[in-house]
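Here is the structure we will look at.
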Amino acid sequence: MPIYEYTCEKCHKTTEALRKIADADEAMTCEYCGGTRTQRAHSVFAAVGGTGGNAAMQGGACPMMPAGGGGGGCCGGVCMH
């Protein structure tokens, strides 16, 4: 089940909930003020990383990608690393 974020119209705080996809658009109760007027917010996913000591990935090029191919790194599902 995915995690959704809901913004309360009363206190403007965001509540997270683990819900079925079918229930995603239903309003829920705010965990901060108890308000019942909530709207699903647009969630953002971010991953931060670096070379992390992986010598094969230094410089941003994937060793499994053919020369001159792809987007300059492990993207689009091409990298097998």
Side-chain angles (χ1 to χ4, degrees):
M1 276 193 284
I3 297 174
Y4 294 99
E5 294 179 341
Y6 297 85
T7 303
C8 179
E9 291 181 10
K10 183 177 177 182
C11 71
H12 305 286
K13 292 187 179 181
T14 302
T15 300
E16 292 181 348
L18 185 65
R19 302 179 96 178
K20 295 178 184 177
I21 293 172
D23 298 335
D25 290 326
E26 292 181 18
M28 61 172 296
T29 302
C30 175
E31 67 181 288
Y32 298 101
C33 71
T36 56
R37 295 188 57 166
T38 56
Q39 287 190 336
R40 195 171 96 188
H42 293 283
S43 300
V44 185
F45 173 79
V48 179
T51 57
N54 187 348
M57 293 300 296
Q58 289 187 12
C62 178
M64 303 300 285
M65 185 178 286
C74 295
C75 62
V78 176
C79 184
M80 304 298 277
H81 197 55

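Numbering of residues begins at 1 and proceeds along the displayed sequence. Keep in mind the model is a prediction, meaning the values are calculated, not measured. The analysis underlying the following values was restricted to heavy atoms, covering all of them including side chains, and did not include hydrogens, waters or symmetry mates.
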Could you pull out the closest heavy-atom pair between [X] and [Y], with the gap in Å?
| X | Y | value |
| --- | --- | --- |
| I21 | P2 | CG1-CG, 3.8 Å |
| L18 | M1 | CD1-O, 3.0 Å |
| T36 | A27 | O-CB, 3.8 Å |
| I3 | E16 | CG2-CB, 4.1 Å |
| E5 | H42 | OE1-O, 4.3 Å |

With a 4.5 Å limit on heavy-atom distance, are the side chains of T14 and Y32 in contact? no
Check: K10 and R37 side chains under 4.5 Å, non-hydrogen atoms: no
Partner of C8 by side-chain contact (heavy atoms from CB on, under 4.5 Å), out of T15, T38, T29: T38
NZ of K13 to SG of C33: how many Å apart, nearest 0.5 Å? 8.5 Å
Please indicate whether E9 has more than 12 foreign heavy atoms, meaning atoms of other residues, nucleotides or ligands, lying under 6.0 Å from its CD. yes
Any residue meeting side chain to side chain donor-acceptor pair (under 3.5 Å) with Y6, in chain and number order, not counting sequence neighbours: R19
